[in-house]
Student: 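The structure follows.
Everything numeric in this text was worked out from a predicted model, so none of it was measured.
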Amino acid sequence: MPETIVIIEDDESIREMLRYYFRSVGYEVGCFESGEAYFETGGELKPSLFILDIMLPGMDGLEILRRLQADADLGDVPVLMLTARTSEMDKVKGLEGGADDYVVKPFGIMELQARVKALLRRTGRPRSEAVITCGDLEINPAAREVRKNGALVELTYKEFELLRLLASRRGMVLTRDDILQAVWDYDFAGETRTVDMHVKTLRQKLGDGYIQTVRGVGYKMP
């Protein structure tokens with residue numbers, strides 16, 4: 001059964017280009033000109049991945065992202081954001097809000113497809129059933145749950161993958177490039193800021209002491 005992508009983009013030419021392209025390479029595609037139009041459907045179309053434009057009239061991409069994250073049925077769906085902005089803070093807000101990746105306009109369709117494929121490959125990859133215990137943290141790959149002292153910790157898809165990677169290699173130092181390749185499944189120069197932002201949000205949710213920075217190298221779980 002084909003995987004489904006929902007695209008929320010107000011620029012009709014970009015929206016139709018993406019619809020045509022992703023259909024041509026085998027995906028089911030649902031296109032909406034606004035967040036309001038998508039949510040008016042009651043979220044009945046649950047895709048394998050969302051592509052969101054940040055700059056939308058009315059409900060912008062960040063607000064759509066917040067609503068998706070708060071939805072029990074949609075919060076685990078990977079989100080890739082499109083932005084024409086070059087400000088680092090806009091990218092940071094998207095990543096902190098739970099986006100799994102972003103592409104800056106104008107973009108190459110082949111790069112966009114590579115990032116979509118990487119996210120979907122990670123989503124569909126079989127996972128170990130073994131629960132990983134790190135102190136008072138329990139990481140359950142099968143259930144995709146993290147509990148701290150028994151209390152559920154809500155993580156985005158990529159936050160969970162990053163934590164699972166660090167925990168499964170506890171005591172080992174992983175470079176940012178290692179993490180980018182393992183979790184995001186691609187290696188684009190200059191993208192290691194993505195890793196730093198996800199580590200930051202993990203620390204905010206878990207507390208200090210779980211992830212250590214090894215200066216000039218990368219990160220590890222002690």
Student: More than 12 non-hydrogen atoms from neighbouring residues, nucleotides or ligands closer than 6.0 Å to CD on Glu12, yes or no?
Tutor: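 Atom CD in Glu12 is not crowded, with 12 or fewer foreign heavy atoms closer than 6.0 Å.
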Student: Please report the closest heavy-atom contact between Ala167 and Cys134, naming both atoms and the distance.
Tutor: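 Shortest heavy-atom contact: CB-SG, 3.7 Å.
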Student: Do Ser48 and Val77 have side chains that get closer than 4.5 Å, going by heavy atoms?
Tutor: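 No. Closest side-chain heavy atoms not under 4.5 Å.
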Student: Decide yes or no for Cys31 and Leu18: does some side-chain heavy atom of the first lie under 4.5 Å from some side-chain heavy atom of the second?
Tutor: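 Result no, sub-4.5 Å side-chain heavy-atom pair not found.
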Student: Does Arg203 come within less than 4.0 Å of Asp208, counting only side-chain N to carboxylate O?
Tutor: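 No.
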Student: Are side-chain heavy atoms of Gln69 and Arg66 found at a separation under 4.5 Å?
Tutor: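 A side-chain contact is absent here, since even the closest heavy-atom pair is not under 4.5 Å.
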Student: So, do Met59 and Ser34 sit near enough that their side-chain heavy atoms are less than 4.5 Å apart?
Tutor: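 Not in contact.
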Student: Can you tell me how far CZ of Arg193 sits from NZ of Lys200, rounded to the nearest 0.5 angstrom?
Tutor: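 One finds 7.0 Å between NZ of Lys200 and CZ of Arg193.
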Student: Rounded at 0.5 Å granularity, tell me how far CG in Leu163 sits from CD1 in Ile211.
Tutor: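 So the gap between those two atoms works out to 6.0 Å.
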Student: After noting the C-alpha distance and the side-chain angles of Leu82 and Leu52, does the key distance pass the side chain to side chain contact (heavy atoms under 4.5 Å, CB included) rule?
Tutor: CA-CA 6 Å; Leu82 301 178; Leu52 305 180; over 6 Å; no
Student: With side chain to side chain contact (heavy atoms under 4.5 Å, CB included) as the criterion, how do Lys220 and Val214 come out once you've worked through the C-alpha distance, each side chain's angles and the decisive distance to 0.1 Å?
Tutor: CA-CA 7 Å; Lys220 72 173 183 178; Val214 180; 4.2 Å; yes
Student: Atom CD in Glu28, atom CD1 in Ile5: separation rounded to 0.5 Å?
Tutor: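 If we round to the nearest 0.5 Å, Glu28:CD and Ile5:CD1 are 10.5 Å apart.
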Student: What I want to check is whether the side chains of Asp177 and Thr175 have a donor and an acceptor closer together than 3.5 Å.
Tutor: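 Asp177 vs Thr175: no donor-acceptor pair found between side chains.
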Student: Is there a donor-acceptor contact under 3.5 Å from the side chain of Arg15 to the main chain of Glu9?
Tutor: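 Yes; judged by distance alone, with no hydrogens or angles, the pair exists.
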Student: How close do Val131 and Pro141 get, counting heavy atoms only, and between which atoms?
Tutor: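 Nearest pair, atom of Val131 first, then Pro141: CA-CD, 4.2 Å.
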Student: Can you tell me if Asp100 uses its side chain to pair, donor with acceptor, with the backbone of Val79 under 3.5 Å?
Tutor: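 Yes: the side chain of Asp100 pairs with the backbone of Val79.
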Student: Is there a side-chain contact between Ile179 and Thr194, using heavy atoms and a 4.5 Å cut-off?
Tutor: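 No; the side chains remain at least 4.5 Å from each other.
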Student: Any salt bridge between Glu159 and Lys205, counting N to O under 4.0 Å?
Tutor: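 Yes, charged N to carboxylate O under 4.0 Å.
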Student: Sorted by first residue and then second, give each ring pair (Phe, Tyr, Trp, His ring centres under 6.0 Å) pair with at least one member in residues 7-37; sequence neighbours left out.
Tutor: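 Only Phe22-Tyr27, Phe32-Tyr38 qualify under ring pair (Phe, Tyr, Trp, His ring centres under 6.0 Å).
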Student: Count the heavy atoms of every other residue, nucleotide or ligand shown that sit under 6.0 Å from NZ of Lys117, and state whether that count exceeds 12.
Tutor: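 It does not: Lys117 NZ has 12 such atoms or fewer within range.
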Student: Would you call Leu80 and Leu112 a side-chain contact if the rule is heavy atoms closer than 4.5 Å?
Tutor: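 Yes, close enough: below the 4.5 Å cut-off.
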Student: Grouping I, L, V, M, F, W and Y whenever their side-chain heavy atoms are under 4.5 Å apart, do Phe160 and Leu152 come out in a common cluster?
Tutor: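 Looking at the clustering, Leu152 is in a separate group from Phe160.
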Student: Does any part of the side chain of Arg169, heavy atoms only, come nearer than 4.5 Å to the side chain of Leu174, both counted from C-beta?
Tutor: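 When only atoms from C-beta onward are counted, Arg169 and Leu174 do touch, with a gap below 4.5 Å.
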Student: Is the side chain of Arg115 donor-acceptor paired with the backbone N or O of Tyr102 at a distance under 3.5 Å, no angle test?
Tutor: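 It does hold such a pair.
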Student: What heavy-atom pair brings Tyr219 and Leu166 nearest, and what distance separates the two atoms?
Tutor: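 Of all heavy-atom pairs spanning Tyr219 and Leu166, the closest is O-CD2, 4.0 Å.
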Student: Any sub-3.5 Å donor-acceptor pair from Lys158's side-chain atoms to Ala99's backbone N or O?
Tutor: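 Absent.
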Student: Donor-acceptor pair, Asp53 side chain versus Leu56 backbone, under 3.5 Å?
Tutor: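 Such a contact is absent between Asp53 side chain and Leu56 backbone.
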Student: Does the side chain of Val146 come within less than 4.5 Å of Asn140's, by heavy atoms?
Tutor: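 Heavy-atom side-chain distance check fails, nothing below 4.5 Å.
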Student: Measure the spacing between CG of Leu62 and CE of Met81 and express it to the nearest 0.5 Å.
Tutor: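 Spacing of CG (Leu62) from CE (Met81) equals 5.0 Å.
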